[in-house]
Each structure stands twice: as structure tokens, then as C-alpha cells.
Amino acid sequence: MATGSARKGLLVATLSTLVVAALVAYTIGSSPAWPEVQKAFFDGRYFSTSLPAVAEAFTINVQLFILAELLILPIGLLIALARSITTPALAPLRIFATIFVDFFRGVPSILIIYVLGFGVPALQLDGVPKEPFFWALVTLVLIYSAYVSEVYRAGIESIHPSQERAARALGLTRVQALRYVVVPQAMRRVIPPLLNDFIGLQKDTALVSILGVVETFKQAQILKAASFNFTPLMTTALIFLIITIPMTRLVDRLAAKDRNAQLGGTR
Amino acid sequence: MATVKRSARTLKVAPVLALKGLKKRYGGKLVLDGINLSLAEHEVVCLIGASGSGKSTLLRCADLLEPIDAGQISLESERVAFEDRSADATRRKLGIVFQGFNLFPHLTVLENVALAPRVALSLTQVAAERRAKELLKSLGLAEKAREYPDRLSGGQQQRVAIARALATEPKVLLLDEITSALDPVLVAEVLETLRSLALSGMTMLIATHEMAFAADVADRICYLEDGRLIEEGTPQKMFGAPRDPRTKEFLRRVRSISAPGAKRRAGTRVKRTVRAKR
């Protein structure tokens, strides 16, 4: 009975999806300029010629988002902890952390990339690196540390105060209570939203192309400019999707698991 | 035994824990209004009173988990306060168990108990776990050491919480209505644990709604109402012949629900002989 209705549901879903897909394909395909658009964006020849270069340039993106994530995870946590400081003497730290988060979450990423990537090297200070890759990395770390710190903070605040009180009652200091009781519990809850931000970071590595870093998007633009064909950009899009879609599924699954665990653990 | 204890008090043996003129405000409301209360070594004091009478607040303030607005707290003749830098060290000398257990769900039973010895007392991992195992064994929880708290019954969880509170070898154990969140069937095992702790000489301040238990285990009963200590005395006096009309009224209302009769006072006598023999 239940499996019967499930099978029926699947059939309906498949049918309706096929119908919609066919309608969309027909609408696009029957538009008068479709042949030209198809040639400009989805040309198989350009796809296969652009693929090696675009894929190779993607290694730069991979380097960027892995290096950046390795820095973002600890820095974001430090900022989150700084924001939850209650000691009056350390108020400057909390204020600095708050301003940091407000600023880097509030200003469009592309502007920050411009200012840091072009502005700081232009100061010509001794010992300050000029490599675009370095500044691309710094920018992404700053922006995403701000986002990630908010994820951590939400996680820390989701742990009931009675947990910290129990730890303090045992004679643990506030820092020890955070270190051994609050943060470990918060970590489990923040893994799905952290992965979400990680996906965002992966996509945003394309933004640093404006600094002249020849990563996959820049490489695709170069090929496009040389051939007057947009297909290389589609190649890049496909490469991004290959990385991000499995990750998105993973986030969904972890989040669902988390929900079940919380529903099951009401005792 | 009771006579010995009373004479000890008249000899002015310094109390382990002393609260003087304790006042605590939440918003504008005075929840503790000048509480004076002290515990001698090995003494078991039960706090009774309606919900909202200030029992829990009193325990939390005594444990330096919350600041007080007036008065002073002394532990072993030394003044201690929430604001002191040494407050963390003071909390290690006090154990508290909460109504809602508040075990750490991400740690096993053993890790829950070993955490404070390891982190707060800086014992080695081995020494901390040895102590935790001994405590769990003495509370009949040895076989649960590797389980996570959510796999345990409420009564077992509460006994783990007691073990955890004992792990820093506190001078005084504070217990905040620790059976209120339990099934009636599970209450007995937790009360049994407290009874054996009392017999082992642990100094305890117990907020409870279990009148029969209080009559059985306490050396002294304190009745609280609206943040004030209305009356105190031995269980015989408090349950047998309370003087204050407010105490009488409270006990009358409690008895109308469940009647703690002469049988329980008989139980008290049994316990005292056991203690005297020890």
C-alpha cells in the first residue's frame, strides 16, 4: 500500500519533470536566435579545446579555496570567541571583532578585492607582498572569516546556558568551559552551515580574476576574448558544478541527520 | 548523635559553609531576603518550601554561580564571593547537582566525571579517570562508564551528575531538587544514593520537595518562604511541632497531598542509631 503510493508518486514526479523540461527545451529551441546562441555558448568544438586550459587554471582556484578555508576556520572561531567575551578589560577585543564582522559582511566582496588587491600594493610599503595571488587569498580569508565567525557564534549560542553553568559549577574557568564543553558541542551543529559557506567560498574564488590572477574564470575570459565565443565560460561553469553539487548534497544529508538526531534526542 | 552535634555547635566549631544576611534581587524582586544559614561539618540540612520560595537561588548563590546583592558567604571561615578571582577555585570545593542533570552529552559517563579533576584540578588523565572510576563504582555505575548520558535512565543520569559533583572532592554538596524531574520509580534510587552519602559523613545542603526523605535524612530542616528563612529545627520539631503559623500552613498543604506520618519519624530514629553506632 505504502510502496504502491510511493511508486505512483515517483511516476507523477518523473512525468511532470519531463513535461516541464520538454516545454522549456521547446521554448528555447524554437526562439528565432537559438542557433546563434547555441553556437556562441554551447559549441562542442570550443568546449573540447578550452577544457584542458580551463581545467588546469582551476587548480589555482583549488589552491585558493583550500588555503583560504584552512585559515578561515581557526580565524573565524577566534573572532566568534572574541565577540562572546564578557570580561570588561577585554572589551576592545570584542569591539574590534564586532566592527570586523560588520565591515566585511557589509561591503560587497568585489569592492574589498579592489581596495586590498590594488590599493595596498600601491602603497609600496617595504616587505608588503605585491603578488595578486597573496592579496586574493587575504581578501577571501577576511570576508569569509566574518561569515564563518557568525556561524560559529550561532552554534555557540545554541548550546543551552545550563551546560556552561554546569561546567563552571565544577570549577572550570570560562575559557575551560568554552574549550571543553560549549565549543565541542557547537562544532557538531555548525558543520552543515560551515560547508555551505565553503561552497560560497569556492564560487567566489572566481572574483579574484579582477586582480589578474589567471584562475579558471580568467582563463575562460582569455579564451573567450581570443575566439569571440562564450563556450569556455560554460566549461568553467561545468567544472564549478562538478565540485559544488556533491558538496551541496553532502550538506543536505548532514543537515537532515542533525535534525533527526535532535528530534530523537529529546530525552 | 544529635546531642553530640548540638554541643559541637555550642562549642563554636567553625561552620563549613556560612551564609550571612544573603540578599538577592532579580529585576526589582527580592528573591532572597536576608538569609542566615550555616552548615557544620557532616551536617545534612534540607531546605523546604514552595516553588519560588528561593531554594534554588539560595543554592546557586551559595555555589558562587550568581552574584549576591548583600550579605556574605564563608567557606571554611574564609570569605568567598562570585566576583573574586579565586571564585573558580572556590567552586571546586563546592559540588552542586541540578534538577535537570545537565550532563555533558558529548562526553561519556566516565569523561563527564573525569573532566573536572583533569581540567580544573590538573590531574593527569590516568589519575582523573581512576578517580572517576572509583566514584562510579561506589555509586553502582561502573558498567555505564563507556556509555553516553542519553543512553541512561533519568535516575542513572542523576547519579552520574552526583558522581561528577563529587569528583573534585568538595567540602559541601549542594543539591537542587534533584529528584523533581524523575519518574517516581527512579526517585528511590537517587534518594538511596543521597542517604548513603549522608551516612558517609558528607556535608549537604538539599533543596527538596520530598518531605519523607527530608524527615529521614536531615539533621536540620529549614523552611523558606518568599526568600526568607521562616523557621528551622530538627525534623522532629519541624514536622512534629512547628511553631510558626506559616510553616504549619505549608506542611498542612503538603500533607493534604501526601501524608508523612509517624512512620517516617520512626525511620528517622532508625537512621540516628545507625549513625551513632558508626
Whether Gln158(B) side chain and Ile178(B) backbone form a donor-acceptor pair below 3.5 Å = yes
Could Arg83(A) and Glu150(A) be called an ion pair, given the rule that one side-chain N must be under 4.0 Å from one carboxylate O?
-> yes
Using a cut-off of under 4.5 Å for heavy-atom pairs, which of Gly100(B), Ala89(B), Pro105(B) has the most such pairs with chain A?
-> Pro105(B)
Is the backbone N or O of Gly76(A) less than 3.5 Å from a side-chain atom of Ser149(A), with the two atoms forming a donor-acceptor pair by type?
-> no
Identify each donor-acceptor pair in which a side-chain atom of residues 55-68 of chain A lies under 3.5 Å from a protein atom, sequence neighbours left out, and give them as a table.
from	atom 1	to	atom 2	distance (Å)
Thr59(A)	OG1	Glu56(A)	O	2.5
Asn61(A)	OD1	Thr216(A)	N	2.9
Asn61(A)	ND2	Thr205(A)	OG1	3.0
Asn61(A)	ND2	Glu215(A)	OE1	3.0

Would you call Arg195(B)-Glu192(B) a salt bridge at under 4.0 Å N-O?
-> yes
Which of Ile96(B), Leu115(B), Leu121(B) touches chain A most, by non-hydrogen pairs under 4.5 Å | Leu115(B)
Is it the side chain or the backbone of Leu94(B) that comes within 4.5 Å of chain A heavy atoms, both, or neither?
-> backbone
Using non-hydrogen atoms only, which part of Phe104(B) is less than 4.5 Å away from chain A: side chain, backbone, both, or neither?
-> both
If one checks every heavy atom of Asp63(B) against chain A at 4.5 Å, the contacting part turns out to be side chain
Could you list the donor-acceptor pairs under 3.5 angstrom formed by side chains in residues 64-71 of chain B, with sequence neighbours left out?
from	atom 1	to	atom 2	distance (Å)
Glu66(B)	OE1	Tyr26(B)	OH	2.4
Glu66(B)	OE2	Tyr26(B)	OH	3.1
Glu66(B)	OE2	Arg60(B)	NE	2.7
Asp69(B)	OD2	Arg25(B)	N	2.5

Leading residue by heavy atom contact count with chain A [cutoff under 4.5 Å; candidates Val119(B), Leu103(B), Leu107(B)] | Val119(B)
Contact part of Arg118(B) toward chain A, heavy-atom cut-off under 4.5 Å: side chain, backbone, both or neither?
-> side chain
Honestly, the part of Arg188(A) sitting under 4.5 Å from a heavy atom of chain B is side chain
